[in-house]
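Have a look at the structure below, then the notes.
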Amino acid sequence: MSTRAAGSVLLRQLGPRVFGPVSSSPATMSPVSSSPPRPPLALAVGGERGGAAVWVRLLSTSAAEAKEEAAASKGNTGSTAAAKAEAAEAAKEGDGKRDKVVSSYWGVAPSKLMSKDGVEWRWSCFRPWETYKPDTSIDLTRHHEPKVLLDKIAYWTVKLLRVPTDIFFQRRYGCRAMMLETVAAVPGMVGGMLLHLRSLRRFEHSGGWIRALLEEAENERMHLMTFMEVAKPKWYERALVLAVQGVFFNAYFLGYLISPKFAHRVVGYLEEEAIHSYTEYLKDLEAGKIENVPAPAIAIDYWQLPADATLKDVVIVVRSDEAHHRDVNHFASDIHFQGMQLKETPAPLEYH
C-alpha cells in the first residue's frame with residue numbers, strides 16, 4: 001500500500017472523532033435532520049486540499065467564538081457598571097447605619113477606657129493612669145559645677161552643640177523645642193536599653209533604673225508630640241531632625257558604652273540648656289512676641305491642665321520636666337563617680 005493510500009485510510013478512521021461526523025454522500029444523512037451534513041475536512045484525497053479545509057474550519061470557528069466573547073464582554077461591562085452603581089448607592093444609604101468593625105484576636109477586643117469625668121479616652125499613645133500633675137516648684141537655677149576633667153569635657157561639649165542650634169533657629173522657639181525634644185528623647189532610651197541588656201547578660205536586678213530611664217524617654221517623646229501641634233516643621237527641619245538624631249544616637253550609644261558617668265553628665269548639662277531655652281520661650285510669650293495660643297488637647301490631658309490652659313502653661317510644665325531629668329542624670333553620674341553601679345542605689349522613680 002502506498003503512503004498516500006495509508007494516509008487516506010487513517011484520516012477516514014480518525015476524522016469523525018477529531019472533526020465531527022463525516023458524510024461522504026447524501027444517503028448517509030439522518031432522516032430526522034434536514035440540515036446538510038458537515039463537509040468532510042480530510043477525505044481520502046488528503047494532501048493540501050484536506051489541510052486547507054481544516055484551517056478554514058478552524059478560522060471560522062475562532063471568528064465565531066471571538067464574536068460571542070465580544071458580545072458577552074459588552075453585556076458583562078454593562079452589568080458590572082450597574083452593579084457598581086447599585087453598590088455605591090447602598091453604601092451611601094448605609095453609611096450612618098453600619099457599625100464599625102473592631103479587630104480582635106481570639107475574641108479579645110480592645111477595652112474602652114474612660115477618663116475621670118466619664119468621657120471615653122481619646123488617646124492611644126498614653127493611658128489615663130500615665131497622666132500626672134508636674135511639680136513646678138522645683139529649683140530651676142540648680143547647676144552642677146564642673147570640677148573634674150570629665151565634667152568639664154561634658155560641659156563644653158554641650159556648650160559647643162548649642163552654637164549651631166542658636167544660629168539655625170535663633171528665636172523660633174517652637175521649632176527649637178521640637179528639635180530639642182527629638183534629641184532629648186534619645187539618651188533615656190539608649191541608657192535603658194543598655195541597662196536592660198546588661199541585666200539579661202548578668203542575671204541581675206537594675207535597681208529600677210531601666211524603668212526610670214525609659215520613663216524619661218517617654219516623657220521627652222510626649223514633649224515632642226505636644227510641640228508638633230504648636231510648630232509645624234518644614235521639610236528641611238524634618239531633614240535636619242533625621243540627620244541630627246542619626247548622629248547623636250550613635251555617638252551617645254558609644255559614649256555610654258565607654259563611660260556611663262560621662263554620658264549621664266552630658267544629659268544633665270543638656271537638660272540645663274533646655275531649661276534655659278524654655279525660660280527664653282516664656283519671656284517671648286509674656287512679652288507678646290509669640291502668640292499665647294490655647295494649649296493643645298494632648299497637653300491638657302497628659303499634664304492634667306485646666307481646659308482653658310494656654311501655651312504658656314505648657315511651656316511651664318515642660319520646663320519643670322526638664323529640671324527633673326537634669327537632677328536624675330546628674331544623680332546617676334554622681335553614683336558612677338563614687339565607684340558604684342546604678343543598681344546599688346534605688347532609682348528615683350516617678351520623680352517628675
Practice item. Step through the shown structure and confirm whether more than 12 heavy atoms of other residues, nucleotides or ligands are within 6.0 Å of CZ on Phe253. Key: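 Result for CZ/Phe253: open.
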Check your understanding: How far apart are the C-alpha atoms of Tyr281 and Val318, what are their side-chain angles, what is the distance that settles it, and do they pass the side-chain contact (heavy atoms from CB on, under 4.5 Å) test?
Key -> CA-CA 11 Å; Tyr281 197 173; Val318 170; over 6 Å; no
Taking atom types as modelled and ignoring hydrogens, do the side chains of [X] and [Y] form a donor-acceptor contact shorter than 3.5 angstrom?
X: Gln245; Y: Thr182; answer: no
X: Arg265; Y: His336; answer: no
X: Asn329; Y: Glu216; answer: yes

Rounded to the nearest 0.5 Å, what separates atom [atom1] in [X] from atom [atom2] in [Y]?
X: Met178; Y: Leu180; atom1: CE; atom2: CG; value: 10.5 Å
X: Asp313; Y: Thr310; atom1: CG; atom2: OG1; value: 4.0 Å
X: Thr136; Y: Ile316; atom1: OG1; atom2: CD1; value: 7.5 Å

Does [X] come within less than 4.0 Å of [Y], counting only side-chain N to carboxylate O?
X: Arg326; Y: Glu322; result: no
X: Glu204; Y: Arg198; result: yes
X: Arg127; Y: Glu130; result: no
X: Lys261; Y: Asp334; result: no

Practice item. Please test Arg201 against Leu197 for side-chain contact (heavy atoms from CB on, under 4.5 Å), starting from the C-alpha separation and ending with a verdict. Key: CA-CA 6 Å; Arg201 289 195 311 271; Leu197 295 176; 3.8 Å; yes
Establish, yes or no, whether a centroid distance under 6.0 Å links the rings of [X] and [Y].
X: His223; Y: Trp303; answer: yes
X: Phe262; Y: Tyr256; answer: no
X: Phe126; Y: Trp121; answer: yes

Point to revise | For Leu213, the option from Leu194, Val267, Val190, Leu195 that meets side-chain contact (heavy atoms from CB on, under 4.5 Å) | key: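 Considering Leu194, Val267, Val190, Leu195, a side-chain contact (heavy atoms from CB on, under 4.5 Å) with Leu213 is found only for Leu195.
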**Study point:** Min side-chain heavy-atom separation Ser206-His196 under 4.5 Å
**Key:**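 No, their side chains stay 4.5 Å or more apart.
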Practice item. Answer whether the closest heavy-atom distance between the side chains of Gln341 and Glu344 falls below 4.5 Å. Key: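 The answer is yes, as the side chains (C-beta and beyond) meet within the 4.5 Å cut-off.
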Practice item. Report the residue from His325, Glu272, Arg142 that forms a side-chain hydrogen bond (donor to acceptor under 3.5 Å, both in side chains) with His330. Key: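 Only one option passes, and that is Glu272.
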Looking at [X] and [Y], what are the two nearest heavy atoms and their distance?
X: Ala217; Y: Ala185; answer: CB-O, 3.6 Å
X: Leu311; Y: Val230; answer: CD1-CG2, 3.9 Å
X: Trp209; Y: Pro348; answer: CH2-CD, 3.7 Å
X: Ile210; Y: Ser199; answer: CD1-CB, 4.3 Å

Exercise for review: Report the relative orientation of the aromatic rings in Tyr278 and Phe227; use parallel for angles under 30°, tilted for 30 to 60°, perpendicular for over 60°.
Suggested key: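 Aromatic pair Tyr278/Phe227 classed parallel.
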Exercise for review: Take Thr279 and Ile275 through the side-chain contact (heavy atoms from CB on, under 4.5 Å) test and state the conclusion after the steps.
Suggested key: CA-CA 6 Å; Thr279 300; Ile275 294 169; 4.2 Å; yes
Exercise for review: Just do the side-chain hydrogen bond (donor to acceptor under 3.5 Å, both in side chains) check on His144 and Tyr269 with the steps written out, would you?
Suggested key: CA-CA 8 Å; His144 183 277; Tyr269 287 130; 3.2 Å; yes
Check your understanding: Within the side chain of Thr345, is there an N or O that forms a donor-acceptor pair under 3.5 Å with the backbone of Leu342?
Key ->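 No; judged by distance alone, with no hydrogens or angles, the pair does not exist.
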**Study point:** Exam field: side chain Asn292 to backbone Gly288, donor-acceptor pair closer than 3.5 Å
**Key:**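 The answer is no, because no donor-acceptor pair under 3.5 Å joins these two groups.
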**Study point:** Stepwise side-chain contact (heavy atoms from CB on, under 4.5 Å) check, Glu271 with Glu220
**Key:** CA-CA 11 Å; Glu271 300 295 357; Glu220 299 284 10; 3.1 Å; yes
